[in-house]
Amino acid sequence: MIIAKKKPIEEIIGEVENFDRILILGCNECVTVCEAGGKKEVEILASALRMNFMAQGREKTIDERTLERQCDHEYLEEIRADIDKYDAIVSLACGVGVQFAAEKYLTMPLLPGVNTVCLGANEDRGLWTERCQACGSCILARTGGICPVSRCAKRVMNGPCGGSTNGKCEISKDVDCAWQLIVDRLKALDKMEDYEKVAPIKDWSTDRAGGPRKVTREDVKI
Amino acid sequence: MRLKIPANFRIIRVPCTGKVDIIHILRAFEKGADGAFVVGCMEGDCHYNEGNFRARKRIEQAKLILDKVGVGGDRVKMFNLSSGEGPLFAQYAIEMDNKIKELGPSPIRLAKQKKNKNAA
Amino acid sequence: MSALNTHSRLEKILKAGHLGVTSECGPPRGSDAEEVKKKGLLIKDYVDAVNVTDNQTAMTRMSSLAACIHLKLLGIEPVLQMVTRDRNRIALQSDILGAASFDIPNMLCLSGDHQSFGDCKSGQNVHDLDSMQLVQTVRYMRDEGKFLGGDAIKRPPKIFVGAAANPFADPFEIRVPRLAKKIACGAEFIQTQCIYNIDKFKEWIKRAADRGLTEKTFIMAGMTPMKSVGMAKYMKNKVPGMDVPDEIIARLAGVPKDKQAEEGVNICVEHIQELKEIKGVSGFHIMAIEWEEKVPEIIQRAGLYPRPQV
Ligand code: SF4
Ligand code: SF4
């Protein structure tokens, strides 16, 4: 799923300073699971903002709403009837949701309430870690199911680099070396001979490098 | 000796402090409370294992938020005691009462009063 | 391995069966070339070629290529170090051609330390290719005379290509396979990480020899003299992938502070003498970091002077 992190409250306060009627808009998908932008976080942020301005003797309307998904026309339409009540929306969805809402409501200022971090997994309670960078051309079959693009600090295709120490990456003792994990997996799979196959130079045109990406499916279009 | 519990606060009963969420604390302040304290069981004695640990973390979060929005994190505190300790409960209540008196009324309550006066 | 592919003196010396000697020179953090020239001249007659580091430890410095050109103009043969951290395949290929236009005849392909170690922690890294793929790229440009895109190169670069190897790095089971991979990619010479654990190094090179790898590439053993017991401890504890045995630390600690540098040089000379006899060791890469003035002494005492004329 998409992993996001709440923005510091003071940053959001700064962004909404000049608006009087604000909607805090959450999303029920990934950001709910990673506890950054679901209904609970919407309630907390809205309450905090209300208090912030009340304490300064200022009056603002700060409403709360959480949609099933913000990356979907259908659900985003649900707020159309109320949109004129607001001067700005703080969206706690990932960057996709914020933009999709911005595209739909052309004249409405949209402010992100979270920092979208990565595609990752919930490794443990309170711990989310990256697993994929959507490079557009998956090589996991060749790397024992561990992704060197997202998990190696140098995205080395034929690793490890010389900095791998005791299973950890040279950048930090808290980060696993992706290539140690790959070697461990290849061993477990009894496929160490695969290690010596040189990975060819990667075609990054399907990655961010190739410009905004698009999937078109004639078979599902109507 | 029986300690007298200050009469100026409301007790809200919950099955476990693990039920208390950040938003409950924030709402209390939004409605004009000058302070809030959460009393949980002794650490390690939670019937649900970690309810009171969760509460402690949430109180910390609420404190941070209250600091940032100008209300003041000092107005919230968590205490732990076991069920038989009535006098200690009273003592904590007095401690909290004194602390809040020292801090004075919450800016939210003042803002609300002012608004009501203007409206009147 | 006898036919020459380039005009590199290093290649000639190694292929003639002599022990090769290289050293290293870090470009300055400024635009004054005198520093590089001074370091180069200090060691000129004692080495076959001088490596020029490429923004080492991710600290921004004068470009490796520019510093190589300064050395080349003084008649010193450079080994251009190039990391894949800072350039994409367009820039890499273009710098390779730039180097070849000055007839810089050697290159060492590296991935480079992560930028978080240096002065641009908030910068991007590129890593379009990795170090092995860079080796392949240079070989392809040289041997096929083509760009990666497939077009022909007018006057292809004549460059003797090397890679680094760390006999001590983790994970253990791939130390030798990783060397094999670099050789398969076309690495003609290998410069190793600094060696202090002689037994472990011997074990590594024996395994490489058993697989026939030492016949396919020239392995130059990396040597760095210790200046003090403090440096030895720092290397042991703080530098990733470094193996400093306790005996070395004890030996340095066993002499008075003002004699430690001398003892460090002694250890280095002894190690070279010991490794000279080992099958598969084709030469030495002596990295005396900010201590270049010691290089001539080490080389003389280790019996590697005078350098053969080829
Ligand atoms: S190889 Fe590409 S698509 Fe596959 S997991 Fe890694 S980044 Fe994602
Ligand atoms: S230590 Fe491992 S994960 Fe870190 S950059 Fe090197 S190969 Fe990649």
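Every chain is numbered from 1 and lettered A, B, ... according to where its sequence line falls, protein lines coming before strand lines. These values consider heavy atoms only, across backbone and side chains, with no hydrogens, waters or symmetry-generated copies.
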J.: Measuring heavy-atom distances to chain A, does D128(C) have an atom under 4.5 Å in its side chain, in its backbone, in both, or in neither?
T.: both
J.: Check for a donor-acceptor pair, side chain of Q133(C) on one end and backbone N or O of A199(A) on the other, with a separation under 3.5 Å.
T.: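 Such a contact is found between Q133(C) side chain and A199(A) backbone.
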J.: Is atom CG of L140(A) surrounded by more than 12 heavy atoms (other residues, nucleotides or ligands) closer than 6.0 Å?
T.: yes
J.: Mark yes when over 12 heavy atoms from residues, nucleotides or ligands other than K40(A) sit less than 6.0 Å from its NZ; otherwise mark no.
T.: no
J.: Which one, P160(A), A153(A), G163(A), C161(A), leads in non-hydrogen pairs under 4.5 Å with chain C?
T.: P160(A)
J.: Pick from R89(C), Q193(C), Q136(C), M242(C): which one has the most heavy-atom pairs with chain A under 4.5 Å?
T.: R89(C)
J.: Atom NZ of residue position K236(C) - does it have more than 12 heavy atoms of other residues, nucleotides or ligands inside 6.0 Å?
T.: yes
J.: Does CG in N237(C) sit with more than 12 non-hydrogen atoms of other residues, nucleotides or ligands closer than 6.0 Å?
T.: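 Count over threshold, so yes.
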J.: Under 4.5 Å between any side-chain heavy atoms of Y195(A) and R178(C), yes or no?
T.: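 Of all side-chain heavy-atom pairs linking R178(C) with Y195(A), at least one is under 4.5 Å.
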J.: Under a 4.5 Å heavy-atom cut-off, does chain C meet the side chain of K187(A), its backbone, both or neither?
T.: side chain
J.: Report the option among G241(C), A169(C), P171(C) that has the most heavy-atom pairs separated by less than 4.5 Å from atoms of chain A.
T.: P171(C)
J.: D130(C), T84(C), D113(C): which one forms the most heavy-atom pairs within less than 4.5 Å of chain A?
T.: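 Looking at each of D130(C), T84(C), D113(C) in turn, D130(C) comes out on top.
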J.: With distance as the sole criterion, is a donor-acceptor pair present between the side chains of N158(A) and K181(C) under 3.5 Å?
T.: yes
J.: If you count heavy-atom pairs under 4.5 Å between each of N88(C), I174(C), L148(C) and chain A, which one has the most?
T.: I174(C)
J.: Does CD in E193(A) sit with more than 12 non-hydrogen atoms of other residues, nucleotides or ligands closer than 6.0 Å?
T.: yes
J.: Does any heavy atom of chain A fall under 4.5 Å from the side chain of R85(C), the backbone, both, or neither of them?
T.: neither
J.: Please rank T165(A), I201(A), V183(A), D207(A) by heavy-atom pairs under 4.5 Å with chain C and give me the top one.
T.: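 Answer, by heavy-atom pair count under 4.5 Å with chain C: I201(A).
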J.: Of the backbone (N, CA, C, O) and the side chain (C-beta and beyond), which part of L110(C) lies under 4.5 Å from a heavy atom of chain A, both, or neither?
T.: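 For L110(C), there is no contact with chain A at all, as no heavy atom is under 4.5 Å.
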J.: Please look at V239(C) and chain A and tell me whether the side chain, the backbone, both or neither of the residue comes under 4.5 angstrom of a heavy atom of that chain.
T.: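 Neither part; nothing is under 4.5 Å.
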J.: Does atom CZ (R213(A)) have a neighbourhood of more than 12 heavy atoms from anything else shown, all under 6.0 Å?
T.: yes
J.: Under 4.5 Å from any heavy atom of chain C, what part of K154(A) do you find: side chain, backbone, both or neither?
T.: both
J.: Between V156(A) and H127(C), is the side-chain contact (heavy atoms from CB on, under 4.5 Å) condition met? List the steps.
T.: CA-CA 7 Å; V156(A) 180; H127(C) 299 297; 5.6 Å; no
J.: Do the charged groups of R211(C) and E196(A) touch, with an N to O distance under 4.0 Å?
T.: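 Yes, charged N to carboxylate O under 4.0 Å.
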J.: What part of F168(C) gets within 4.5 angstrom of chain A, counting heavy atoms only: side chain, backbone, both, or neither?
T.: neither
J.: Against chain A, label N166(C) side chain, backbone, both or neither, depending on which of its atoms sit under 4.5 Å from a heavy atom there.
T.: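 Contact with chain A is through the side chain of N166(C) alone.
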J.: Can you tell me which portion of Q115(C) sits under 4.5 Å from chain A's heavy atoms? Options are side chain, backbone, both or neither.
T.: neither
J.: In Å and rounded to the nearest 0.5 Å, what is the CH2 to CG distance from W179(A) to D170(C)?
T.: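 Between W179(A) CH2 and D170(C) CG, I get 15.5 Å after rounding to 0.5 Å.
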J.: What part of T137(C) lies closer than 4.5 angstrom to a heavy atom of chain A: side chain, backbone, both or neither?
T.: side chain
J.: Would the number of heavy atoms belonging to other residues, nucleotides or ligands and lying under 6.0 Å from NZ of K206(C) be above 12?
T.: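 Atom NZ in K206(C) is not crowded, with 12 or fewer foreign heavy atoms closer than 6.0 Å.
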J.: Above 12 or not: heavy atoms from other molecules or residues under 6.0 Å from NZ of K121(C)?
T.: yes
